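Naming: A, B, ... by sequence-line order, numbering from 1 per chain. Everything numeric in this text was worked out from a predicted model, so none of it was measured.
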Number of protein chains: 2
Amino acid sequence: MAISFAEENYLKIIYRLSESTSDDISTNAIAELTQNKAASVTDMLRKMSDKGWVNYQKYQGVRLSETGEKIALDIVRKHRLWEVFLVNKMGFNWDEVHEIAEQLEHIESEVLVDKLDAFLDYPRTDPHGDPIPNKKGELPQLGYIPLANMPIGKAGKLVGVAQDSAVFLQLLTKLNLKLGANLEITEINAFDLSVSLRIDGNPPVLISHEVAKNVLIKR
Amino acid sequence: MAISFAEENYLKIIYRLSESTSDDISTNAIAELTQNKAASVTDMLRKMSDKGWVNYQKYQGVRLSETGEKIALDIVRKHRLWEVFLVNKMGFNWDEVHEIAEQLEHIESEVLVDKLDAFLDYPRTDPHGDPIPNKKGELPQLGYIPLANMPIGKAGKLVGVAQDSAVFLQLLTKLNLKLGANLEITEINAFDLSVSLRIDGNPPVLISHEVAKNVLIKR
DNA sequence: ATTAATTTTTAGTCTAGCCTAAAAATTTTA
DNA sequence: TAAAATTTTTAGGCTAGACTAAAAATTAAT
């Protein structure tokens with residue numbers, strides 16, 4: 001079954017929205033991320049439902065079918081592998097690669113993806129710490145995720161850090177962020193992705209996205 | 001000026017056809033390579049003419065404008081650089097990379113292309129011996145081209161070989177192909193790209209595409 | 001130099017993927 | 001729980017890029 005550029009984008013975006021909720025995904029949420037109007041989204045959801053990639057019921061939102069999730073995971077896999085390539089091999093900064101990877105993720109060649117994976121030495125996460133699905137669509141069990149990726153309102157325990165430069169660790173100490181601390185994100189500011197964080201039940205403090213990315217937590 | 005996938009393909013194909021002739025390119029020739037019908041090609045040529053990328057006159061064929069050639073050369077540059085990447089870094093064989101490069105050539109990021117160029121150590125030719133245009137759209141002056149790339153009917157002199165395995169060189173000797181020989185292609189067979197070759201004015205003999213690729217000639 | 005064959009263009013359609021405006025369903029608020 | 005606000009869907013349109021069938025121009029053949 002042939003799949004178009006546009007369809008791949010929809011699947012990827014529905015997948016991303018599904019990651020941080022177990023509810024059905026709303027038409028509007030998809031419209032916002034695809035940069036389309038809600039009416040166009042409805043249109044596309046109906047078509048993708050016919051193809052069996054999503055389970056969709058009028059006014060009730062949508063979720064990925066098993067096939068749909070498989071396809072989405074494959075796109076995510078490609079996106080994240082290309083990001084590793086761009087940062088590790090081409091010398092881009094982690095914040096410059098997203099748009100290019102958005103394009104590269106649509107390249108169709110299973111063999112190429114496998115060879116790329118090997119060339120990069122089978123990375124388990126992308127430059128932002130997000131896990132890279134394997135060929136079968138399984139996510140590696142990391143046992144932890146970057147604090148930056150934790151959904152708002154869920155609590156987790158600080159189990160490690162993703163880098164160990166002195167300045168970073170000193171900052172953690174100053175913020176009272178130590179191993180074992182109980183963490184809950186109360187807010188994420190869209191402007192700079194900075195995070196309001198409740199530590200061990202205390203009133204929330206503000207930390208930067210950069211810090212949140214390098215703090216590893218277990219749910 | 002935004003450019004679509006389809007438009008890029010047309011420009012690239014017109015460029016390719018222009019390489020082996022100085023005549024205007026016919027609608028039918030383009031239709032064959034784009035795998036479209038002639039009517040669709042006429043349509044597109046009119047549109048691209050309006051944008052100033054080609055000079056087109058009804059029934060008279062088409063040729064690239066200066067802007068059009070610039071765009072085409074940029075696509076060719078990307079295509080050939082990605083081919084080098086696929087062969088040299090990803091371990092593909094030279095005959096497996098064309099389709100993938102057809103996709104990669106449309107990735108839009110000038111920075112990426114520059115970094116790729118550097119990563120590959122500024123190659124002057126792709127895995128098939130075709131020259132890679134530089135950033136400005138200039139073709140490197142190689143002083144020679146693979147025999148396989150010489151237009152039918154033009155004569156050239158054998159000035160080198162692109163590989164030096166014993167079996168290959170032994171075959172050249174057997175075929176009476178030695179340095180300085182005067183060569184003229186009389187026919188290229190579409191089926192296997194084998195070449196009918198006149199050597200020093202003698203009656204044509206048949207050689208494989210593989211051989212023709214590895215024989216370097218000067219026009 | 002006509003006629004025949006071929007090539008190219010025109011005219012009219014179709015589909016994917018988007019849009020706007022209005023209608024319908026759902027959710028929130030008083 | 002009825003009215004108001006919001007979300008979602010329907011209906012109808014638009015453009016890019018393809019198509020077929022028929023007409024027009026060009027080229028080849030008698």
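To the nearest angstrom, C1' of dT9(D) lies 11 Å from CG of Leu45(A). Whole-Å rounding puts the Asn36(A) CG to dT20(C) P distance at 11 Å. Following rounding to the nearest Å, Lys51(A) (NZ) and dT15(C) (P) show an atom-to-atom distance of 14 Å. For the pair Glu8(B) CD and dA16(D) C1', the computed distance is 15 Å after rounding to whole Å. To the nearest angstrom, P of dG17(D) lies 10 Å from CE of Met48(B). If you measure from atom CD of Glu32(B) to atom C1' of dT8(C), you get 15 Å, rounded to the nearest angstrom. Rounded to whole angstrom, the span from the CD atom of Glu7(B) across to the P atom of dA16(D) amounts to 9 Å. If you take CD of Gln57(B) and P of dA24(D), they are 21 Å apart, rounded to a whole angstrom.
Contact check, Gln60(B) against dT26(D): a side-chain N or O comes under 4.0 Å of OP1 or OP2. Put simply, Ser40(B) has a side-chain N or O that comes within less than 4.0 Å of OP1 or OP2 on dC19(D). One finds a side-chain N or O of Ser4(A) lying less than 4.0 angstrom from the OP1 or OP2 phosphate oxygen of dG17(C).
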Step by step, work out the side-chain hydrogen bond (donor to acceptor under 3.5 Å, both in side chains) result for Asn55(A) and Ser65(A).
CA-CA 6 Å; Asn55(A) 297 115; Ser65(A) 71; 5.2 Å; no
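Interatomic distance, Leu158(B) CG to Ile199(B) CD1, rounded to the nearest 0.5 Å: 9.0 Å.
With sequence neighbours excluded, the residues satisfying salt bridge (Lys or Arg N to Asp or Glu O under 4.0 Å) with Arg46(A) are Asp43(A). Partners of Asp23(A) according to the side chain to side chain contact (heavy atoms under 4.5 Å, CB included) rule, which considers only residues two or more places apart in sequence or in another chain, are Thr21(A).
Residue Tyr10(A) is in sugar-phosphate contact alone, with no base atom involved, counting any heavy-atom pair closer than 4.0 Å across all strands shown.
Across the interface with DNA chain C, nearest-nucleotide mapping of Met44(A) and Val41(B) shows Val41(B) to be the residue nearer the 5′ end.
Residues Leu104(A) and Leu81(A) fail the side-chain proximity criterion, which asks for heavy atoms closer than 4.5 Å.
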Return the polar atom pairs (N/O with N/O) between nucleotides 2-7 of chain C and the protein under 3.5 Å, or none.
none

Within the sub-3.5 Å range, which N or O atoms of nucleotides 10-12 of chain C have a protein N or O partner, and how far apart are they?
from, atom 1, to, atom 2, distance (Å)
dT10(C), OP1, Lys58(B), NZ, 2.6

In a table with atom names and distances, give each donor-acceptor pair under 3.5 Å that connects a side chain of residues 203-211 of chain A to protein atoms at least two apart or in another chain.
from, atom 1, to, atom 2, distance (Å)
Ser208(A), OG, Val211(A), N, 3.1

Side-chain donor/acceptor pairs under 3.5 Å, residues 111-120 of chain A, sequence neighbours excluded:
from, atom 1, to, atom 2, distance (Å)
Asp114(A), OD1, Lys135(A), NZ, 3.4
Asp114(A), OD2, Lys135(A), NZ, 2.6
Asp117(A), OD2, Arg77(A), NH2, 3.3

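Just one of Lys51(B), Lys47(B), Lys12(B) meets the salt bridge (charged side-chain N to carboxylate O under 4.0 Å, His left out) condition when paired with Glu7(B); it is Lys51(B).
For Tyr10(B) and Phe5(B), the distance between ring centers is not under 6.0 angstrom.
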